[in-house]
Amino acid sequence: MQIRLDKYISDAMGISRQDAKKLLSRGAVAADGKTVKKGDVKVTDSSRVYVNGKLLEYRQFVYIMLNKPKGVVSATDDKNDTTVVDLVKGDYPKRNLFPAGRLDKTSTGFVLLTDDGEFAHDILAPKKHVSKEYIVTLDKEINEEIISSFNSGVTLADGTVLKSAELMPTDEPMVVRVVLKQGVYHQIKRMFGVFDIGVNELHRTHIGGVQLDEKLAPGEYREIKPEELEKIGLNRNDC
Ligand code: URA
């Protein structure tokens, strides 16, 4: 990948292109061993770029794990409510972050934020089979019949036939684990609605093979490590 040096500096330092150009014209930038003053010089993501003698760490994209609290909406901006992007953007002022998949306003747990459009598309694409796992608190007990309906594919009230989903009881009565491989609007609430069961709490714990970090309190976030990104389970050749 080739990238203009002024963009590289602006991405790596979280500053504007204009400020990156000022650093360049002041002679503060060295790329691959030479002082460079022009922003249109091309570098690659493996170039070694120093600003005032300090090596920059370049990342084309960022991937963030957020523990979404209740009351926050899964959007980039909203007139009335705090969004998941509002919670993180102070640390990433130059990044166009967005949530890769949604949780309802009342739901909590793992939301992945990124500026990598292709990655976001892929983790939502049904053909990529990236599972999402939830802990769900219900207002009634489940039974074997409901478990096997989830397994064979629930038909929603509007006639939509869903793919097979896993439903497992936990040690706590009325608390279940659900694993989905597709994302239909209000899917879990609508699936239990078919059996006249209400959802009181819904918390996403996993995306693919990655678990939400238990150290993150509601509203807290951290970057997803490269080895965790691998564990999301995307096989880019699937589609
Ligand atoms: N299913 C729902 O009904 N709500 C969510 O937030 C996620 C899955």
Side-chain angles (χ1 to χ4, degrees), residues 64-78 80-88 97-114 120-142 146-147 149-170 172 174-214 216-221 224 232-233:
I64 296 162
M65 167 191 288
L66 165 74
N67 184 0
K68 184 184 102 57
K70 269 193 189 166
V72 170
V73 294
S74 298
T76 47
D77 58 291
D78 190 276
N80 305 310
D81 291 308
T82 303
T83 72
V84 288
V85 173
D86 291 336
L87 296 180
V88 307
L97 294 170
F98 54 88
R102 287 159 187 273
L103 283 178
D104 296 340
K105 187 171 166 182
T106 53
S107 301
T108 58
F110 194 167
V111 171
L112 195 156
L113 293 149
T114 185
H121 170 269
D122 284 356
I123 70 167
L124 301 173
K127 280 191 194 160
K128 298 283 181 177
H129 307 298
V130 175
S131 59
K132 319 279 176 337
E133 190 167 328
Y134 304 82
I135 293 285
V136 189
T137 308
L138 304 170
D139 67 1
K140 293 190 193 77
E141 300 265 3
I142 56 160
I146 301 175
I147 293 178
S149 295
F150 268 56
N151 206 263
S152 42
V154 170
T155 303
L156 297 178
D158 67 357
T160 307
V161 181
L162 298 174
K163 293 194 162 88
S164 166
E166 281 175 59
L167 170 60
M168 290 154 281
T170 66
E172 279 184 71
M174 295 192 277
V175 179
V176 297
R177 202 172 267 283
V178 175
V179 183
L180 300 182
K181 289 213 165 157
Q182 68 189 130
V184 169
Y185 185 61
H186 290 332
Q187 182 166 340
I188 293 179
K189 291 175 185 155
R190 290 163 75 197
M191 287 168 94
F192 284 108
V194 170
F195 305 96
D196 203 24
I197 297 179
V199 167
N200 290 337
E201 306 272 335
L202 199 157
H203 181 76
R204 182 152 69 197
T205 57
H206 292 74
I207 297 180
V210 179
Q211 184 175 359
L212 176 65
D213 190 331
E214 284 169 352
L216 295 175
E220 289 185 346
Y221 55 90
I224 298 179
I232 294 267

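Start at 1 with the first residue, then count along the sequence. Both ligands and their constituent atoms are indexed starting at 1 by order of listing.
Judged by distance alone, the side chains of T160 and D158 do bring a donor and an acceptor atom under 3.5 Å apart.
At under 3.5 Å, a nitrogen or oxygen of S107, whether backbone or side chain, sits near a nitrogen or oxygen of ligand 1. The shortest N/O to N/O separation between R102 and ligand 1 does not fall below 3.5 Å.
From L97, atom CG reaches atom CG of D86 across 11.5 Å, with rounding to the nearest 0.5 Å. Annotation: the span from K132 atom NZ to T205 atom OG1 amounts to 12.0 Å, rounded to 0.5 Å. The distance from the CD1 atom of I142 to the CZ atom of F195 is 10.5 Å, given to the nearest 0.5 Å.
Considering all non-hydrogen atoms of both residues, V85 and P99 come closest at CG2-CD, 4.2 Å.
The part of L202 lying near ligand 1 is the side chain, judged by heavy-atom distances below 4.0 Å.
Among protein heavy atoms, the minimum distance from atom 4 (N) of ligand 1 is reached at D104 OD2, 2.7 Å. If you check which protein heavy atom lies closest to atom 1 (N) of ligand 1, you get I188 N, 3.1 Å.
Heavy-atom contacts from other residues, nucleotides or ligands closer than 6.0 Å to CZ of R102 number 12 or fewer.
Under a 4.0 Å criterion applied to the non-hydrogen atoms of H186, ligand 1 contributes the atoms 1 (N), 2 (C), 3 (O). Counting atoms of ligand 1 from 1 in the listed order, those under 4.0 Å from a heavy atom of Q187 are 1 (N), 2 (C), 3 (O).
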